[in-house]
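Report on the structure given below.
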2 protein chains.
Amino acid sequence: MAARTDLRDDIIRVAGELFMQQSYAATSIKQIAKAAHCTTAALYYYFEEGKEGILRQVIDVAMPNLVGYLEPLRDVTSLHDLVVRLGLTLWESGEAILQRTRWLMVEFPNLGEAERARLHTTLLQFQKRLADLIQPFVASRQDAEATAWVLYSAIFGYGQLFVTLDLQSAVEPPNEQFVYALADMIGSSGK
Amino acid sequence: MAARTDLRDDIIRVAGELFMQQSYAATSIKQIAKAAHCTTAALYYYFEEGKEGILRQVIDVAMPNLVGYLEPLRDVTSLHDLVVRLGLTLWESGEAILQRTRWLMVEFPNLGEAERARLHTTLLQFQKRLADLIQPFVASRQDAEATAWVLYSAIFGYGQLFVTLDLQSAVEPPNEQFVYALADMIGSSGK
DNA sequence: GTCTATACCCCGATAGAC
DNA sequence: GTCTATCGGGGTATAGAC
């Protein structure tokens, strides 16, 4: 670890880790200061609004860039292909996203209007982009939108059940069966 | 409100409400005492383990009885029928369940081994029961199980997106389109 | 910019009166 | 059974030295 050049960034980083592990309410500024190797007074130098100011910065950084996961899927050749590749991609690299989404869900009641609006925009962008990818394989835009919601909900719900609620520790997670079953269903609904 | 006959039940009830609104960590026993119209000393009379003891009782009460929602669906005549009726049923009366599930998700890191195991059992029972209902309409038990996971994940994820993350305040929720799109996909995968 | 020292409050918990 | 009174500790936040 190099000599500290930017304490402010360190604070946001370690505060983010603590918030996600323990929730905002359960994390004290003394903990944050200790983890960032400074004192609470230093926190107040960078964040005049105190703990809430830190939270706002952490939320900014935590907003998931879901749309990025869809870029590599622009060349899919069928609905079945799309679902399978999206499922496998998310399964490989989606734990970080799930973590952050879980956290945003936990803190949702603490979020201000502006942050809620940003989160909604992010979620809706993903659904629209997903509908764009689905559109070539279905009859209408309305079908594409509805199919996108189903796909989104299923993947999201599966992640919440098996990762966030840790069902994967209780039963062997049916990852492949799930993805292929979903792909069969969605794929067979195309034109 | 009648004269208090059972302070203990009152404590569990109001503590549950506070925990679900604010999370366990953010709720103090002084708040609980005030809401239950008693002092903190009285809490310790009923709950020797203090705040954690109260949490355990609240969790007991909060465990969602998901399986109950499936009882009225024993006479479905097709997969399509099953999905539509389950979707509509949950949409009518499922907010309370979603609330409690959201809360269990928030508190999951605080849960002990025993509570986690009970939660997992509850979730898995629902999936098995769902697979039982699906089985007559598909080729194998394995298909029924996989379909049950897809259905469960989709409904669960949809609820989390639109209710817990309050997407319903940002866009008109596509409830009917969603249910019928899901029913078409799952229904067309039967035998 | 970062620290020491401290103010003031609410936290969870308990002893002992009634 | 329920209360009053209180303890020790950790919470957020700040003033002022360096």
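A note on names: the letters A, B, ... follow the listed sequences, proteins ahead of strands, and every chain is numbered from 1.
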Between B/F47 (CZ) and D/dG1 (P), how many Å, whole number? 14 Å
From CD1 of A/I54 across to P of D/dG11 the rounded distance in Å is 14 Å
Under 3.5 Å side-chain donor-acceptor pair for B/R141 and B/Q135: yes
Going by atom types only, do A/Q57 and A/D60 share a side-chain donor-acceptor pair under 3.5 Å? no
For C/dT2, does OP1 or OP2 lie under 4.0 Å from any side-chain N or O of A/T39? no
With salt bridge (charged side-chain N to carboxylate O under 4.0 Å, His left out) as the rule and sequence neighbours excluded, what pairs involving residues 76-101 of chain A come up? A/D75-A/R85, A/D81-A/R85
In this structure, how many angstroms lie between the C1' atom of C/dT2 and the CG atom of A/D10, rounded? 14 Å
Specify the separation, in whole Å, of atom CG of A/L43 and atom P of D/dA13. 10 Å
Aromatic plane relationship, A/F156 with A/Y152 - under 30° parallel, 30 to 60° tilted, over 60° perpendicular: perpendicular
Rounded to the Å, how far apart are A/Q22 CD and D/dG11 P? 11 Å
Protein-nucleotide distance (B/L7, atom CG; D/dC3, atom C1'), rounded to Å: 12 Å
Between A/Y24 and the options A/L55, A/V106, A/V58, the side-chain contact (heavy atoms from CB on, under 4.5 Å) test singles out A/L55
Assess, by modelled atom type and distance only, whether the side chains of A/Q31 and A/T27 contain a donor and an acceptor separated by less than 3.5 Å. no
Spacing of A/Y46 atom OH relative to D/dA13 atom C1', expressed in whole Å: 18 Å
Sequence-aligned protein contact record of nucleotides 13-18 of chain C, with B where the base is within under 4.0 Å of a protein heavy atom and S where only the sugar-phosphate is: BBB---
Distance check: side-chain N/O of B/Y45 vs OP1/OP2 of D/dT2, anything under 4.0 Å? no
Whole-Å gap separating C1' (D/dG1) and CD1 (B/I11): 11 Å
